[in-house]
Asker: 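Structure below; questions to follow.
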Amino acid sequence: MILAANFKMNHTRATTKEYLAKLKECEKPEGLELFVFPPFTALDRYESVATIGAQNAYGAESGSFTGEIGLQQLQEFGITTLILGHSERRHLMGESQELISRKFKFYKERGFTIFYCIGETLDIREKGDIQSYLQSQLEGIDLKYEGLIVAYEPVWAIGTGRTAKEEEIEEVLGFLSTLTPRPLLYGGSVKPENVQNIMRIPNCSGALVGTASWRVESFCEMIEKIKEL
Ligand code: 13P
């Protein structure tokens, strides 16, 4: 099982260090893999129970790409794990499927573990054609890639406190499992109160957590809950 903390634009270098130090004290069950995705400025070579990853990266080694980081910057800290296609990058920063799939290809060729995010908007859910929308977000993505982890994060459930219903998650993960043999995660208002039920959903290999992961106490609480399963 996988439990991942996406800090988004939260935490500094100093507080990330404190967070990871406290995380060490939190007892992790065997078989649970932890990941932490701090902001770029807090990337470093930490000694941690969690694998440290980047929330995004441009698909080039280095070059004239103002405001981006690439392979060279990640390699400095031994980072080989990335989130790509997060809905905030797709919808707030306007990243296209074409751009995301190019980044995917670049980091796949370099053996990165890629947390690849997809998820429908409320509008699409209400219209009902969720599957073809999700499929369009998988265009150009090698679904057999051994470093791939797919995170299903419905946009309407992110940062809203509104978790998708278990049946809704189960249905989508069931569909995704017909497309890829790789692990499937759920993300969207996961918290200590619902993490157990989410982890029990068929085809669910873990959770990608935003808000409830930002306090280390709350992230540890989720680890505790998973331990009880
Ligand atoms: P929240 O847990 O804040 O809903 O965010 C989910 C998410 O976007 C993780 O990548």
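Note that ligands are numbered from 1 as they come in the structure, with each ligand's atoms numbered from 1 the same way.
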Asker: Determine whether any heavy atom of Gly159 lies closer than 4.0 Å to an atom of ligand 1.
Answerer: yes
Asker: Enumerate donor-acceptor pairs with a distance under 3.5 Å from any side-chain N or O in residues 129-136 to protein atoms, sequence neighbours excluded.
Answerer:
residue	atom	partner	partner atom	Å
Asp129	OD1	Ser132	OG	3.1
Asp129	OD2	Ser132	OG	2.7
Ser136	OG	Tyr133	O	2.6

Asker: Would the Tyr58 and Phe106 ring centres measure less than 6.0 Å apart?
Answerer: no
Asker: Verify the neighbour count for atom NZ of Lys17: are there more than 12 heavy atoms of other residues, nucleotides or ligands below 6.0 Å?
Answerer: no
Asker: Check each atom of ligand 1 against the heavy atoms of Ser189 and keep those under 4.0 Å away; list them by number with element.
Answerer: 1 (P), 2 (O), 4 (O)
Asker: Applying a 4.0 Å heavy-atom criterion (strictly less than), which segment of Leu208 is in contact with ligand 1: side chain, backbone, both, or neither?
Answerer: both
Asker: List ligand 1 atoms under 4.0 Å from Gly188, heavy atoms only on the residue side.
Answerer: 4 (O), 6 (C)
Asker: Using 4.0 Å as the upper bound for N to carboxylate O, is an ion pair formed by Lys105 and Glu109?
Answerer: yes
Asker: Atom NZ of residue position Lys227 - does it have more than 12 heavy atoms of other residues, nucleotides or ligands inside 6.0 Å?
Answerer: yes
Asker: Are Arg102 and Glu98 ion-paired here, with the side-chain N under 4.0 Å from a carboxylate O?
Answerer: yes
Asker: Mind checking whether Ala157 contacts ligand 1 via backbone (N, CA, C, O), side chain (CB onward), both or neither, at a 4.0 Å heavy-atom cut-off?
Answerer: backbone
Asker: Find all atoms of ligand 1 within a distance of less than 4.0 Å from any non-hydrogen atom belonging to Thr211, and give their numbers and elements.
Answerer: 1 (P), 2 (O), 3 (O)
Asker: Using a 4.0 Å cutoff against the non-hydrogen atoms of Asn6, which atoms of ligand 1 qualify?
Answerer: 9 (C), 10 (O)
Asker: Test your reading of the structure: does Gly210 have an N or O sitting under 3.5 Å from an N or O of ligand 1?
Answerer: yes
Asker: Which of the numbered atoms in ligand 1 are under 4.0 angstrom from any heavy atom belonging to Glu153?
Answerer: 6 (C), 7 (C), 8 (O), 9 (C), 10 (O)
Asker: Going by the rule ring pair (Phe, Tyr, Trp, His ring centres under 6.0 Å), which residues pair with Phe219 if we only count those two or more places apart in sequence or in a different chain?
Answerer: none
Asker: Ligand 1 versus Lys8, non-hydrogen atoms closer than 4.0 Å: side chain, backbone, both, neither?
Answerer: side chain
Asker: Take every heavy atom of Ala4, measure it against each atom of ligand 1, and state whether any distance is under 4.0 Å.
Answerer: no
Asker: Assess whether atom CD of Gln73 is packed by more than 12 heavy atoms of other residues, nucleotides or ligands within 6.0 Å.
Answerer: yes
